[in-house]
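These numbers come from the heavy atoms of this one structure, side chains and all, not from hydrogens, waters or symmetry mates.
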Amino acid sequence: QKEVEQNSGPLSVPEGAIASLNCTYSDRGSQSFFWYRQYSGKSPELIMFIYSNGDKEDGRFTAQLNKASQYVSLLIRDSQPSDSATYLCAVTAPFKGGNTPLVFGKGTRLSVIA
Amino acid sequence: GAVVSQHPSRVICKSGTSVKIECRSLDFQATTMFWYRQFPKQSLMLMATSNEGSKATYEQGVEKDKFLINHASLTLSTLTVTSAHPEDSSFYICSARDGQGDYGYTFGSGTRLTVV
């Protein structure tokens, strides 16, 4: 049974600071890792995905993956109040023609204080 | 990017009635769609995997006779909640992946079901 663990938070950071979100997963065979942002009452929206060890940057967001430690993180630089949301970590097994579902963590609630 | 359209966004129904939720991939073909359910302050839980032209695969604990899934075309999957009860009240979300692109998994906008 694949499990994805996240600290539920809330994580509070001041505006302009770096927010660091962490996630661990139990299935060592996991290949793809995703970060989604979910506002209250809304559907998740994709922030980033990462497949390889190391860092991947996209604007203010950086995803970090360490497969040996089964750990994936998301850094948000210059945090804005609009970043306040629940951040969901999700993992999946090797891609097989699109029929592999995502397994989600419970999410970390981030609050950026102006 | 890949877009998944889900309708209705919100529905209120009486206990004992059935509700159909539609999920469409607008700009890509989705041979597989996933249906999730999310209760308040909880994460998304996979209910079933919907495969075009074949029977859906349900997760353990999900009643296949209660949650009917039909995936008759490459762009449309439907979830019907039959004989709905208040405990079925939840946020239902569909998801698909565009195998041609690199967009990750795209989610529909979700359906808030309230059974009264």
Side-chain angles (χ1 to χ4, degrees), chain A residues 1-10 21 23-25 27 30-52 56 58 61 63 65 72 74 85-109, chain B residues 1-7 9-10 23 25 28-54 56-61 71 74 90-112 114:
Chain A
Q1 180 75 16
K2 291 191 279 287
E3 290 185 354
V4 180
E5 300 290 337
Q6 294 181 257
N7 188 325
S8 61
L21 305 163
C23 172
T24 59
Y25 58 95
D27 189 343
S30 299
Q31 294 288 324
S32 308
F33 307 88
F34 302 82
W35 283 100
Y36 285 85
R37 176 172 62 194
Q38 185 177 29
Y39 293 108
S40 181
K42 301 295 184 181
S43 187
E45 54 180 327
L46 180 66
I47 298 175
M48 292 186 69
F49 53 87
I50 186 168
Y51 303 139
S52 304
K56 179 181 179 182
D58 184 0
F61 300 97
L65 175 61
V72 58
L74 179 70
T86 296
Y87 288 79
L88 301 170
C89 174
V91 305
T92 189
F95 181 61
K96 295 180 181 178
N99 59 359
T100 307
L102 290 175
V103 178
F104 284 86
K106 292 186 177 180
T108 297
R109 189 157 56 90
Chain B
V3 177
V4 173
S5 175
Q6 184 173 346
H7 295 278
S9 59
R10 188 180 297 269
C23 184
S25 56
F28 67 101
Q29 294 183 332
T31 55
T32 303
M33 289 188 180
F34 307 100
W35 288 95
Y36 292 85
R37 179 168 55 181
Q38 186 178 35
F39 291 107
K41 299 189 184 301
Q42 295 188 24
S43 190
L44 281 75
M45 297 300 296
L46 180 68
M47 298 176 66
T49 300
S50 166
N51 298 295
E52 186 268 335
S54 64
T57 302
Y58 291 82
E59 294 300 297
Q60 188 174 9
H71 195 156
L74 288 172
S90 187
F91 192 46
Y92 292 86
I93 312 173
C94 64
S95 173
R97 184 169 189 169
D98 178 3
Q100 302 301 314
D102 202 14
Y103 303 110
Y105 291 71
T106 302
F107 286 83
S109 56
T111 298
R112 174 74 60 192
T114 303

Asker: Side chains of B:Tyr36 and A:Pro101, heavy atoms from C-beta outward: is any pair under 4.5 Å?
Answerer: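 B:Tyr36 vs A:Pro101: side chains touch.
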
Asker: Which distance, rounded to the nearest 0.5 Å, do you find between the CD of A:Glu45 and the OG of B:Ser109?
Answerer: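 Interatomic distance, A:Glu45 CD to B:Ser109 OG, rounded to 0.5 Å: 12.5 Å.
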
Asker: For the CE atom on B:Met45, are there more than 12 heavy atoms of other groups (residues, nucleotides or ligands in this structure) within a distance under 6.0 Å?
Answerer: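 For B:Met45, atom CE is not crowded (no more than 12 foreign heavy atoms under 6.0 Å).
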
Asker: Can you say whether A:Gln38 sits under 4.5 Å from chain B via the side chain, the backbone, both, or neither, judging by heavy atoms?
Answerer: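 Side chain only.
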
Asker: Hey, are the side chains of A:Tyr36 and B:Leu44 touching, using non-hydrogen atoms and a 4.5 Å cut-off?
Answerer: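 Answer no - side chains too far apart.
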
Asker: What are the two closest non-hydrogen atoms of A:Ser43 and B:Phe107, and how far apart are they?
Answerer: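 Reported closest heavy-atom pair: OG-CB, 3.3 Å.
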
Asker: Report yes if the side chains of B:Ser43 and A:Val4 come closer than 4.5 Å at any heavy-atom pair, otherwise no.
Answerer: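 No. Closest side-chain heavy atoms not under 4.5 Å.
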
Asker: To the closest 0.5 Å, what do you measure between OG (A:Ser40) and NZ (B:Lys41)?
Answerer: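 Going from OG on A:Ser40 over to NZ on B:Lys41, the span is 7.5 Å.
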
Asker: Side chain, backbone, both or neither: which part of A:Leu88 has an atom under 4.5 Å from a heavy atom of chain B?
Answerer: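 Interface part for A:Leu88: side chain.
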
Asker: Between B:Phe34 and A:Phe104, does the ring centroid distance fall short of 6.0 Å?
Answerer: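 Ring centres of A:Phe104 and B:Phe34 not closer than 6.0 Å.
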
Asker: Is it the backbone or the side chain of B:Gln6 that comes under 4.5 Å from a heavy atom of chain A, or both, or neither?
Answerer: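 No part of B:Gln6 comes within 4.5 Å of chain A.
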
Asker: Around A:Arg37, counting heavy atoms of other residues, nucleotides and ligands shown, do more than 12 lie under 6.0 Å from its CZ?
Answerer: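 Yes - once you tally the heavy atoms of other residues, nucleotides and ligands closer than 6.0 Å, there are more than 12.
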
